[in-house]
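I have placed the structure first, in the form of structure tokens, so that the comments after it can refer back to it.
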Amino acid sequence: VPAVRSHQLRLRHPLVVSPRAVQGAEVECLVKLFDSLVAKPSSRPAAAGLDRNMFREALHGAFDMTDDMLMDRVFRTFDRDNDSCVSVVEWVEGLSILLRGTLEERIKYCFEVYDLNGDGYISREEMFQMLKNSLLKQPSEEEPDEGIKDLVDIALKKMAMPFLLQDYDHDGKLSFMDFEKAVRDENLLLEAFGPCLPDIK
């Protein structure tokens with residue numbers, strides 16, 4: 001059945017247009033991995049895909065991701081049809097971007113992960129929440145939230161382009177254009193608000 005499914009698998013995600021995307025035997029391997037994850041015994045009824053918990057276990061096991069908020073956002077980014085289940089097609093398309101995506105595809109992916117409410121902006125509040133969850137807590141710090149607020153201010157100064165028309169109001173939000181420009185100027189900013197890409201060794 002997995003071999004049949006892999007032949008029927010058609011990548012339809014608009015971001016997967018890169019010649020670097022996973023293909024052929026790699027797709028079959030990802031489909032087999034998906035099938036093995038879905039087939040794992042559990043207390044839940046059989047499903048046509050990976051639920052949030054199974055997906056998080058896979059991210060943690062394969063890529064050492066540990067931040068619960070970011071893993072949930074990665075799940076929502078993979079789950080294109082919002083049915084609370086990652087299908088085999090969504091799995092292959094998402095991993096294609098994570099593992100082989102172009103810089104443009106990864107910028108779009110990271111922006112979607114960081115845009116917590118889906119409004120097309122990364123707000124000051126969203127930055128604060130992501131940084132608060134991804135930074136290690138130091139027991140000696142009396143007011144760690146102040147340090148995080150300082151980091152958010154630094155990020156906004158570095159990434160926001162105040163002379164663009166859409167940011168004249170200095171509303172403390174990063175548009176996709178702001179984020180893309182900042183990352184193109186400095187690639188290290190791609191994961192500025194937390195690790196959401198695999199650490200490829």
| message | For Arg184, is there an ion pair with Glu104 - N to carboxylate O distance below 4.0 angstrom? | response | yes
Here the pair of heavy atoms bringing Ala58 nearest to Leu37 is CB-CD1, 3.8 Å
- prompt: Charged N to carboxylate O below 4.0 Å: is that the case for Arg100 and Glu26?
  reply: yes
Here the gap from Phe78 atom CZ to Tyr109 atom OH, rounded to the nearest 0.5 Å, amounts to 5.5 Å
| said: Applying side-chain contact (heavy atoms from CB on, under 4.5 Å) to Met65 and Leu70, what does each step give before you reach the verdict? | reply: CA-CA 8 Å; Met65 288 187 183; Leu70 286 176; over 6 Å; no
Decide side-chain contact (heavy atoms from CB on, under 4.5 Å) for Leu174 and Met127; before the verdict, give the C-alpha distance in whole Å, the side-chain angles of both, and the deciding distance to 0.1 Å.
CA-CA 10 Å; Leu174 289 177; Met127 290 179 215; 3.7 Å; yes
d(Glu93 CD, Ser87 OG) to nearest 0.5 Å is 7.5 Å
OG1 (Thr77) and CD1 (Ile97) are apart, to the nearest 0.5 Å, by 9.5 Å
**OP:** I would like to know whether Leu98 and Leu95 meet side-chain contact (heavy atoms from CB on, under 4.5 Å); could you show each step before the answer?
**Re:** CA-CA 5 Å; Leu98 256 64; Leu95 285 177; 4.3 Å; yes
With sequence neighbours left out, the residues meeting side-chain contact (heavy atoms from CB on, under 4.5 Å) with Asp72 are Arg52, Arg56
On a heavy-atom basis, the closest approach of Leu50 and Phe34 is CG-CE1, 3.8 Å
Sorted by chain and number, sequence neighbours left out, side-chain hydrogen bond (donor to acceptor under 3.5 Å, both in side chains) with Glu57 holds for none
request  = Carefully, step by step, assess Val88 and Val38 under the rule side-chain contact (heavy atoms from CB on, under 4.5 Å).
outcome  = CA-CA 10 Å; Val88 67; Val38 171; over 6 Å; no
Applying ring pair (Phe, Tyr, Trp, His ring centres under 6.0 Å) to Tyr114 and not counting sequence neighbours gives Phe193
Below 4.5 Å, heavy atoms only, C-beta onward: do Val31 and Glu28 meet side chain to side chain?
-> no
What one should report as the nearest heavy-atom pair of Thr102 and Glu105 is N-OE1, 2.8 Å
One should read off an interatomic distance between Leu116 CG and Met130 CE, to the nearest 0.5 angstrom, of 4.5 Å
Hits for side-chain contact (heavy atoms from CB on, under 4.5 Å) against Asn117, two or more places apart or cross-chain, chain-then-number order -> Asp115, Asp119, Glu126
Heavy-atom closest pair (Leu131 atom, Ala192 atom, distance to 0.1 Å) is CD2-O, 3.6 Å
Rounding to 0.5 Å, atoms CE (Met71) and CZ (Phe63) come to a distance of 12.5 Å
One should read off an interatomic distance between Ile122 CD1 and Cys110 SG, to the nearest 0.5 angstrom, of 9.0 Å
- Query: Which class fits the ring pair Phe111 and Phe176: parallel under 30°, tilted 30 to 60°, perpendicular over 60°?
  - Reply: perpendicular
Nearest heavy-atom approach of Cys85 to Asp83 is O-OD1, 2.6 Å
Just wondering, do Phe75 and Leu59 contact through their side chains at under 4.5 Å, heavy atoms?
no
On a heavy-atom basis, the closest approach of Phe179 and Leu189 is CE1-O, 4.1 Å
